[in-house]
Amino acid sequence: EDLGLLKMDFLGLRNLDVITDTVEMVRATKDPEFDIDSVPLDERRVFELLARGDTMGVFQLESSPMRALLRAMAPDTFEDVSAVLALYRPGPMSVNMHYDYADRKNGRKAVEYFHPDAAEVLGDTYGLMIYQESVMRVAQKFAGYSLAEADNLRKAMGKKVREVMAKEREGFEAGCDRNGYGRVLGKQLFDVIEKFADYAFNKSHTFGYGLVTYQTAYLKAFHPVEYLACLLTSVKSNLDKAKVYLSDARSMNVKVLTPDINGSVTDFGALPPDQVPVDVELPMGSPGAITFGLSAIRNVGEGLVEQLLRERDANGPFDSFHDFVERVPEQVLNKRTVESLIKGGAFDSLGHPRKGLLQVFEQIIDTTVVRRRERDQGVMSLFGDLDDSGQPGFDERIPIPPVEFDKADRLRFEKEMLGLYVSDHPLMGVEAALRRKVDCGIDEALEREDGAQMILGGVVTGFARKFTKKGDQMGVFVLEDLDGAIEVTVFPRVLMDHGMKLVDDAIVSVKGRLDKKDEGRVGFMAQDVQVVEGLDAASGPPLKLRVPASSLTELKIHQIRKILREHPGPSPVYLHIGQGKVLRLSEEFNVDLDLVVGELRILLGHDAVVL
């Protein structure tokens with residue numbers, strides 16, 4: 001008996017690892033019984049997240065146009081999630097089918113059928129054929145096809161062999177005629193089906209993808225700290241992606257902490273609010289914090305981290321840098337590794353300033369290693385007599401000078417070691433002022449078409465001079481804002497005029513055009529560069545929002561934040577949440593009163609907005 005063969009496609013998806021890792025983290029920290037495969041597929045919070053377009057890190061839903069489509073569609077069923085994946089493809093988008101679906105679903109357009117009887121087979125997709133199965137159901141209903149004949153039509157569509165399609169057309173039109181719908185409708189329908197062959201999507205395929213999409217959205221909605229931690233771990237070697245997810249964490253009020261020799265583990269970890277160190281100030285409404293993975297620091301390998309963690313787990317946290325050097329295996333005291341840990345902020349929690357520690361760490365390691373080796377060989381130190389406490393009677397430890405870097409140097413070293421600005425950012429506090437001088441943010445620019453002209457702004461990083469084939473000098477750097485980064489090319493003539501402005505950590509605006517000619521890479525060709533002056537946040541009359549804490553739902557907080565971000569200006573915002581508690585929002589939320597008051601009064605009520 002011929003049983004045939006089953007063909008299966010396996011996709012190596014990073015997202016599946018992220019789901020598995022997040023589930024393990026949730027089981028370890030919150031709910032030992034948690035099972036992602038058992039979660040309901042109709043959770044309101046998941047659909048609210050999708051409708052907000054809050055989908056960075058959600059499988060297949062990260063791009064800016066996709067997030068715009070989600071906001072227009074406002075998915076509220078699993079079928080909508082599947083549909084958006086099938087619709088967001090060149091074919092359906094070229095005929096505006098994606099927005100037709102969104103408009104018909106939300107009543108902005110009437111649902112239309114090519115024939116009243118089509119409602120029976122296309123009702124669940126608002127009259128649109130968005131799947132291969134839609135075509136098969138139409139063929140069964142209108143042309144009288146059997147399931148096997150409908151499947152043959154599906155196969156013929158995919159192969160698009162002229163003779164085969166001509167034969168299928170004849171059979172289809174004849175079938176429509178036999179079923180009483182007439183050859184004219186049969187011809188019109190087959191014309192649509194023939195075009196549809198270019199972008200037909202398999203419903204079972206998109207439902208499978210849709211499940212991965214839904215599960216990642218569920219984890220982001222219900223376990224954001226754990227999910228973002230696992231996302232960051234999954235891209236720790238891809239700094240461009242890591243920057244995007246770090247920015248997303250900030251926008252969700254999840255604090256990402258600098259590495260900590262006592263609090264961090266190998267990869268990124270999650271802390272609920274009640275476990276965050278007392279000296280860390282969490283943003284309002286924060287679901288917790290993420291600890292930076294030690295192995296994500298430059299020059300710090302996973303093998304050394306494992307040895308360090310074994311010592312910490314066995315004998316407790318380190319009391320000081322001296323205690324760390326005394327206790328960890330000698331291999332961990334590789335000077336490049338320790339220097340990277342210091343610059344990345346791993347010893348901050350022990351009270352040691354980074355600059356002071358960098359001045360003496362090599363000396364401390366050298367003297368301690370010598371003493372440890374002598375002790376292992378039974379050699380007593382001159383000051384080795386112990387007092388009653390078991391400590392040396394004379395403190396031979398080299399003191400750590402109480403000197404620290406200024407903010408610019410501290411952040412420069414931090415970024416060098418971590419690849420990201422974590423504890424702070426050169427643009428923090430001035431981003432609203434910068435936003436008024438540019439056309440759009442870098443993340444939005446990346447989604448625009450090739451050749452688009454615009455002004456971008458941000459921090460210069462990694463500036464390097466290179467030479468053209470003719471021997472002329474040109475420049476390349478990465479421009480970075482709080483939400484993204486883009487490589488900027490400065491050709492010789494522009495470099496001659498503006499090269500003196502291009503130094504690392506300078507805040508600049510760059511006029512130029514987008515270049516998407518290289519597959520998978522987006523660049524920016526500079527035509528003009530200006531150092532941005534006057535970024536100190538100008539002060540305007542304050543805006544006071546009176547909102548009882550009891551009414552500050554997650555959705556309400558998101559809506560307030562969205563309105564404030566969309567209307568940057570000079571006025572600070574104060575949030576009165578009852579019982580005399582007043583919070584001043586950070587300067588990134590400073591607003592233009594003329595633009596923001598009306599929207600906030602609609603959202604919160606007239607009396608809640610006080611000038």
Side-chain angles (χ1 to χ4, degrees), residues 44-45 48-49 51-54 71 220-222 224-225 228 246-257 271-290 423-425 427-436 441 482-483 535-611:
R44 179 181 55 82
R45 274 169 65 180
E48 285 177 352
L49 177 139
R52 295 195 304 264
D54 184 13
R71 287 190 283 268
K220 187 172 185 183
F222 284 88
V225 185
L228 284 165
L246 180 69
S247 172
D248 192 46
R250 285 180 176 140
S251 73
M252 295 180 70
N253 286 330
V254 175
K255 184 95 170 177
V256 179
L257 308 178
L271 293 177
D274 60 348
Q275 291 181 25
V276 174
V278 291
D279 60 334
V280 173
E281 185 178 344
L282 287 179
M284 181 182 68
S286 173
I290 291 172
S423 65
D424 205 338
H425 194 286
L427 296 180
M428 285 286 196
V430 300
E431 59 269 47
L434 178 65
R435 212 156 44 225
R436 293 193 291 273
L482 286 172
D483 298 315
L535 279 181
D536 295 331
S539 184
L543 174 66
K544 300 172 187 173
L545 304 178
R546 300 188 185 279
V547 188
S550 58
S551 69
L552 276 176
T553 62
E554 184 181 344
L555 182 59
K556 183 69 66 65
I557 290 170
H558 176 85
Q559 290 169 323
I560 293 172
R561 187 188 304 133
K562 184 172 184 291
I563 292 171
L564 298 179
R565 280 189 182 279
E566 286 179 352
H567 303 295
S571 294
V573 180
Y574 294 85
L575 193 60
H576 297 245
I577 57 176
Q579 298 179 331
K581 192 167 183 181
V582 181
L583 299 172
R584 174 171 174 169
L585 303 190
S586 70
E587 290 176 349
E588 67 177 293
F589 293 109
N590 283 10
V591 293
D592 184 327
L593 288 183
D594 293 336
L595 299 176
V596 82
V597 168
E599 285 194 48
L600 286 170
R601 282 179 171 160
I602 292 170
L603 176 66
L604 302 174
H606 196 279
D607 295 338
V609 182
V610 183
L611 300 178

Partners passing side chain to side chain contact (heavy atoms under 4.5 Å, CB included) against L603 (at least two apart in sequence or in another chain): K556, Q559, I560, I563
Qualifying salt bridge (Lys or Arg N to Asp or Glu O under 4.0 Å) pairs, either residue in residues 563-577, two or more places apart: K562-E566, R565-E588
D592: partners by salt bridge (Lys or Arg N to Asp or Glu O under 4.0 Å), with sequence neighbours left out: none
Separation of L482 CG from R250 CZ (nearest 0.5 Å): 6.5 Å
Closest approach of P572 to N590 (non-hydrogen atoms, all atoms of both residues): CA-OD1, 3.4 Å
Distance, nearest 0.5 Å, that separates CG of L583 from OH of Y574: 11.5 Å
Residues H425, L246; criterion side chain to side chain contact (heavy atoms under 4.5 Å, CB included); working and verdict: CA-CA 12 Å; H425 194 286; L246 180 69; over 6 Å; no
Straight-line distance of L564 CG to L575 CG, nearest 0.5 Å: 9.0 Å
Minimum-distance pair of heavy atoms, taken over all atoms of M252 and P224: CE-CB, 3.6 Å
Nearest non-hydrogen partners of V573 and F589, listed with the distance: CG2-O, 3.4 Å
H567 side chain reached by L600 side chain, heavy atoms, under 4.5 Å: no
Counterpart residues, salt bridge (Lys or Arg N to Asp or Glu O under 4.0 Å), relative to R52 (two or more places apart): D54
Counting only pairs under 3.5 Å, give me each side-chain donor-acceptor contact of residues 272-286, with atom names and distances, residues two or more places apart or in other chains.
from	atom 1	to	atom 2	distance (Å)
S286	OG	N253	O	2.6
S286	OG	G288	N	3.1
S286	OG	G288	O	3.0

Side chain to side chain donor-acceptor pair (under 3.5 Å) partners of H558, counting only residues at least two apart: none
